[in-house]
Amino acid sequence: MKIWLADLTYTQQSIASDVVPAGIGMIAEYTEKKIPNIEKIKLYKFPEILSGDFEKNRPDVIGFSNYLWNSSLSDAFAKQIKKIYPEIITVMGGPNFPTDTTEQKKYVEERPWLDFYIVKEGEHAFVKLIEFLMKKSISDIKTVDDVIDLPNLVFLKDRLFHSSKKIERIMDLSEIPSPYLSNRLDEFLDGKLLPITQTNRGCPFTCTFCTEGQSYWTKVRRKPRDVVENEVSYIADKMNTLPAEKRRTDLLIADSNFGMFTEDLDTCKVIADEQKKNGYPKYINVATGKNKKERVLEAAKIVNGAMKLAGSVQSLDPEIQDNIKRKNISSKEIVDMALKSSEIGANTYSEVILGLPGDTKEKHFKTLKTLVESSFTTISMYQLMILPGTELGSRESINKYEMDIKYRVVPRCYGTYKFLGDEISVSEVEGICTSTNTLSFQDYLDCRKINLIINIFYNDSVFEEVISLLNKLKISIWDWLEEIYINSSKEEFKDFKNLLNDFLDDSEKELWKDKEKLTKFTSNKENINLFIEGKLGSNLIFKYKSRSLTYDLDVAGKIAEYSTNSILSKMKIQNPSLKTFIKELVLFKKCQIEDIFDLELIKEGKFNFDINKYIQDKNENFISINLNKYKFRNIKKIKFYLTKEQINQIKSYNLLFGNKIDGISRTLSRVYIKKLFRTLNNSYQITNDEFHENNSRRWGGGLESV
């Protein structure tokens with residue numbers, strides 16, 4: 001029996017799901033282990049390669065993954081296969097599938113091209129199905145009793161609907177051979193795709209918006225320690241063989257709560273060893289543990305800051321937490337972790353979801369305020385996606401909270417592909433909640449506005465020098481952000497107001513009330529081209545964040561500078577040289593960031609103050625700041641440039657995603673942008689004596705403080 005497995009991704013704007021297909025790799029390894037006489041299973045990631053191979057050969061069974069980002073693409077290919085080769089058995093599996101049996105039946109009824117759907121964990125269920133198909137054909141299935149012993153299976157044939165009563169998991173993950181260590185995934189370790197590993201499966205939490213919130217996943221199963229260690233070393237060695245400008249520098253760990261378990265510290269030590277030996281990974285994409293903050297912090301220390309610490313609260317409102325079943329997650333521990341992380345310089349982020357049951361504009365703002373004041377370095381703000389296979393995705397929940405669901409195209413997930421004689425135009429469509437019985441649509445838009453402002457001015461240390469000044473003066477960063485929010489409606493900041501209005505207009509325009517109409521619209525090649533060209537679609541938060549760092553950096557800088565002076569004035573903090581100092585804080589950041597994707601560009605600025613010295617001065621008095629400490633004798637011209645290592649990293653991301661606005665958006669969503677900021681030349685440095693002489697001469701020997 002010839003078996004092919006496909007974890008397809010869109011490729012025509014950039015690689016949408018740019019992750020090594022390790023999931024289907026494990027299914028292939030497990031199947032070949034349990035059925036030794038089977039032909040070697042082929043794996044596919046790119047639609048073009050699958051299409052080309054079908055012209056030369058074809059399988060007996062083909063399996064497709066089903067995620068939010070490739071569900072329609074997998075459907076389109078399976079449908080075309082069934083149309084041309086009805087004898088080929090089509091199987092699908094993945095979390096983007098309902099849990100309610102009535103909805104499951106409707107799902108498979110609407111997809112007559114699917115022979116079988118495997119729910120939950122796939123390896124064991126797929127083996128049992130293949131063993132069955134090696135003995136019997138689909139036509140032999142006459143009653144449910146014929147397949148009653150097949151676990152994790154849903155199918156519909158001749159009006160016969162079956163949904164397995166046995167939903168099984170593999171108890172010992174050592175049973176699954178590593179697809180990395182068998183060399184099966186070597187073709188995908190090409191520098192284009194993001195290496196992924198997983199140390200355990202399962203999640204002890206029951207969040208209603210998550211597909212792992214079901215009791216099926218509550219028990220956490222661990223992969224053997226030696227396998228995890230060997231996979232990390234294997235991936236690092238493979239990346240190190242690639243040219244510097246073509247290799248990935250990041251690693252994805254697919255655990256739901258990494259760092260929360262003692263075994264995770266051992267994994268971090270292995271990673272730290274590889275960092276010393278191979279310089280890999282520089283970035284670790286992972287969802288860190290929701291509890292056990294001290295252990296999570298220790299994990300971050302071990303990997304030298306390569307790992308962002310996740311403090312994903314979704315909302316800090318008790319009623320909302322109760323509605324989404326997060327009572328067993330300590331919000332206090334999450335906030336405390338951020339405060340501790342700031343002390344050790346670790347990169348932290350928190351996630352917030354807008355539109356959860358019971359959410360209001362006031363509650364959303366209050367949660368954001370708490371997180372900002374807790375010193376998270378990044379706050380990731382999402383909208384509530386209505387996902388199949390989650391409790392909140394059920395019709396009961398939607399009706400209970402009076403959710404208004406609108407639809408949009410998933411960023412980068414669209415394309416037109418030639419396959420088996422036809423041209424297929426397809427996109428992924430997701431449903432999001434834009435209002436509830438407690439949140440109006442206008443409030444939803446107001447929340448989106450503050451989300452973008454936080455993303456531009458707070459996240460990723462873009463205005464960290466200004467934020468540092470405010471912190472030293474004991475001024476609330478949230479008050480500063482609200483000042484920007486208020487000032488953004490003023491006509492004197494028309495350009496920034498236009499930026500926000502463009503964002504809100506796009507936020508409304510991307511939403512469709514009718515899912516079927518949107519699906520039909522994106523089945524047209526000309527319309528798909530509009531998405532590929534960037535005229536439609538995009539992750540709007542990152543798109544407009546990217547605009548603020550490129551075309552509109554001056555605009556953002558002006559309102560940041562004005563709002564800083566404005567809030568200091570309200571606090572009655574005044575100083576004749578303070579305005580110049582604030583102006584230079586903004587100029588400093590502009591020189592570090594502006595057009596960093598232009599690799600040849602060296603930025604230059606003239607400064608009265610040594611901003612770099614100010615940044616590095618950790619012992620400054622928090623009550624008053626002596627600006628004279630940082631005053632140059634003469635105005636200094638300072639150059640800012642990218643290091644060779646930064647250039648190589650940016651080149652690799654430019655190759656992957658491009659250097660236009662959508663590509664920049666993609667890169668910003670993947671890296672800790674602070675590590676890409678331009679470096680200063682050191683030629684301007686002067687001695688403390690020169691500072692003293694300068695200050696005595698220019699300021700009459702007095703100390704000028706704020």
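Small disclaimer: the values here were computed from a predicted structure and weren't measured.
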Between [X] and [Y], does any side-chain N to carboxylate O distance fall below 4.0 Å?
X	Y	value
Asp190	Lys246	no
Arg221	Asp172	no
Asp140	Lys142	no
Glu516	Lys520	no
Glu121	Arg201	yes
Lys128	Glu168	no
Lys105	Asp100	no

Partners meeting ring pair (Phe, Tyr, Trp, His ring centres under 6.0 Å) with His124 (sequence neighbours left out): none

With no hydrogens and no angle check, just 3.5 Å: does a side-chain donor-acceptor pair link [X] and [Y]?
X	Y	result
Tyr280	Asp250	no
Glu231	Ser178	yes
Thr11	Tyr417	yes
Glu274	Asn278	yes
Asn152	Tyr117	no

Mind checking the [atom1]-[atom2] spacing from [X] to [Y]? Nearest 0.5 Å is all I need.
X	Y	atom1	atom2	value
Phe77	Phe419	CZ	CZ	5.5 Å
Lys120	Leu153	NZ	CG	13.0 Å
Asp158	Leu156	CG	CG	8.5 Å

Whether over 12 other heavy atoms sit under 6.0 Å from Glu423 CD: yes

Stepwise salt bridge (Lys or Arg N to Asp or Glu O under 4.0 Å) test for Glu32 and Arg184: CA-CA 12 Å; Glu32 290 174 7; Arg184 184 183 289 273; 2.4 Å; yes

Lys/Arg cation over aromatic Tyr107: Arg111, 6.0 Å, 45° cone: yes

Donor-acceptor pair, side chain of Asn70 and main chain of Tyr67, under 3.5 angstrom: yes

Whether Asn96 side chain and Asn66 backbone form a donor-acceptor pair below 3.5 Å: no

